[in-house]
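Taking it in order: structure first as structure tokens, then the write-up.
It should be emphasised that the depicted structure is a prediction, and the values quoted were computed from it without experimental measurement. By convention here, the first residue in the shown sequence is residue 1.
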Amino acid sequence: QAFKDAVDSEDEKAAMSAAKEYLGKVADLVINSLEKIGAKIEENDDLSQEEVDEMLADIEAKIAQITEAKTQVEAAQTKEEIKVAGKTITQSWNKMKNQVELHASRVVRATVQDVIKRAEFLERKLYSGIEKLQNAEHDTTEVEDLLEDFASYIGSAKENFAAAKEAFNDARDTTEDGEAVKDLVHEGQEYLKQANEDMKEANKLSKEILKKIRESGADVESVLEESDEDYYEVEDEDESDDDDNDEEERDEDEEIECT
């Protein structure tokens with residue numbers, strides 16, 4: 001509003017000052033957004049070092065570009081110079097925002113990939129556990145049916161994840177305009193969303209499977225022991241599911257979740 005008022009007043013000095021202040025704030029917002037994405041990239045343990053280096057280099061280049069344009073705004077002595085520098089800021093952001101969204105989506109993709117890997121590990125342990133139950137003459141009919149559904153959801157999640165990865169890679173490699181990148185990023189996000197839904201369902205089934213094992217009188221720890229892997233516990237990572245807050249507390253040593 002201050003910028004508009006200054007322009008409307010036809011006071012050239014006031015208008016230039018207001019324009020500089022406005023464009024400076026726009027530049028700071030863009031830089032802040034880029035820095036936040038950069039921090040998320042650095043904090044994510046599921047990205048490869050190559051991916052981290054690639055994305056951070058791109059983020060840093062974009063920050064440098066906006067910072068240079070902001071410096072030009074601050075140094076501008078005429079309305080025309082301000083207009084040129086301001087156009088650089090807005091056009092740069094319009095060009096880079098889809099790429100920034102792509103980086104954010106790739107961070108989420110890496111997390112989903114880790115969840116799927118851990119769910120696959122749990123699947124292997126459960127199949128092995130069924131054999132132990134059968135050897136101990138437990139009825140495993142219900143558990144087998146549930147595990148089949150569990151495996152089906154994991155398979156679906158893997159397919160959706162692969163499709164998301166392909167869309168994001170195409171968005172990264174495309175030489176087409178911003179709209180093409182935007183469409184590919186949104187396509188990948190939809191596949192990731194579906195993969196996440198698959199894992200939510202798998203998570204519910206894993207809890208039901210463990211419940212059935214307990215009800216059979218078997219010890220979950222014994223059924224799933226003797227692994228050479230680093231871990232078998234798969235924790236729930238879906239912070240967006242409000243229903244998680246309503247779940248009853250369980251023994252952390254017994255609970256195994258997929259997402």
Should [X] and [Y] be regarded as members of a common hydrophobic cluster, given that ILVMFWY residues are connected when their side-chain heavy atoms come within less than 4.5 Å of each other, either directly or indirectly?
{"X": "Ile154", "Y": "Tyr191", "answer": "no"}
{"X": "Leu133", "Y": "Phe150", "answer": "yes"}
{"X": "Leu146", "Y": "Tyr127", "answer": "yes"}

Start with the C-alpha gap between Lys165 and Arg106, add the side-chain angles, then the distance that decides, and say whether side chain to side chain contact (heavy atoms under 4.5 Å, CB included) holds. CA-CA 8 Å; Lys165 183 177 180 179; Arg106 289 175 69 188; over 6 Å; no
Would you call [X]-[Y] a salt bridge at under 4.0 Å N-O?
{"X": "Lys204", "Y": "Glu201", "result": "yes"}
{"X": "Lys182", "Y": "Glu101", "result": "no"}
{"X": "Lys70", "Y": "Asp28", "result": "yes"}
{"X": "Glu81", "Y": "Lys20", "result": "no"}
{"X": "Glu43", "Y": "Lys40", "result": "no"}
{"X": "Glu21", "Y": "Lys25", "result": "yes"}

Roughly how far apart are [X] [atom1] and [Y] [atom2], rounded to 0.5 Å?
{"X": "His103", "Y": "Leu47", "atom1": "NE2", "atom2": "CG", "answer": "11.0 Å"}
{"X": "Thr141", "Y": "Ile130", "atom1": "OG1", "atom2": "CD1", "answer": "10.0 Å"}
{"X": "Ile37", "Y": "Asp58", "atom1": "CD1", "atom2": "CG", "answer": "11.5 Å"}
{"X": "Arg118", "Y": "Ile116", "atom1": "CZ", "atom2": "CD1", "answer": "11.5 Å"}
{"X": "Lys87", "Y": "Leu23", "atom1": "NZ", "atom2": "CG", "answer": "13.5 Å"}
{"X": "Thr140", "Y": "Ile209", "atom1": "OG1", "atom2": "CD1", "answer": "11.5 Å"}

[X] side chain near [Y] side chain, heavy-atom distance below 4.5 Å:
{"X": "Phe168", "Y": "Leu102", "value": "yes"}
{"X": "Asp139", "Y": "Ser216", "value": "no"}
{"X": "Gln113", "Y": "Lys117", "value": "yes"}
{"X": "Glu208", "Y": "Glu142", "value": "no"}
{"X": "Met96", "Y": "Leu34", "value": "yes"}
{"X": "Ile213", "Y": "Leu126", "value": "yes"}

Neighbour count >12 (heavy atoms, 6.0 Å) for atom CZ, Phe161: yes
Nearest heavy-atom pair of [X] and [Y]: which atoms, and what distance?
{"X": "Ala171", "Y": "Val181", "result": "O-CG2, 4.0 Å"}
{"X": "Met199", "Y": "Ala119", "result": "CE-CB, 3.3 Å"}
{"X": "Ala151", "Y": "Glu123", "result": "CB-OE2, 3.2 Å"}
{"X": "Val112", "Y": "Ala195", "result": "CG1-CB, 4.3 Å"}
{"X": "Val73", "Y": "Gly86", "result": "CG2-N, 4.1 Å"}
{"X": "Ala69", "Y": "Ala85", "result": "O-CB, 4.0 Å"}

Residues Asn98, Val185; criterion side chain to side chain contact (heavy atoms under 4.5 Å, CB included); working and verdict: CA-CA 8 Å; Asn98 291 322; Val185 169; 5.5 Å; no
Under 3.5 Å, is there a donor-acceptor pair linking the side chains of [X] and [Y]?
{"X": "Glu131", "Y": "Asn135", "answer": "no"}
{"X": "Glu68", "Y": "Gln72", "answer": "yes"}
{"X": "Asn44", "Y": "Thr111", "answer": "yes"}

Examine distances only and state if a side-chain atom of [X] and a backbone atom of [Y] form a donor-acceptor pair shorter than 3.5 Å.
{"X": "Ser33", "Y": "Leu29", "value": "yes"}
{"X": "Gln77", "Y": "Ala75", "value": "yes"}
{"X": "Ser152", "Y": "Glu148", "value": "no"}
{"X": "Asn160", "Y": "Ser156", "value": "yes"}
{"X": "Ser128", "Y": "Arg124", "value": "no"}
{"X": "Lys212", "Y": "Val143", "value": "no"}

Side chain to side chain contact (heavy atoms under 4.5 Å, CB included) between Val100 and Trp93: does it pass, once the steps are laid out? CA-CA 9 Å; Val100 171; Trp93 174 242; 4.2 Å; yes
Verify side chain to side chain contact (heavy atoms under 4.5 Å, CB included) between Glu159 and Asp198, making sure each step is shown before the conclusion. CA-CA 10 Å; Glu159 289 178 2; Asp198 289 332; over 6 Å; no
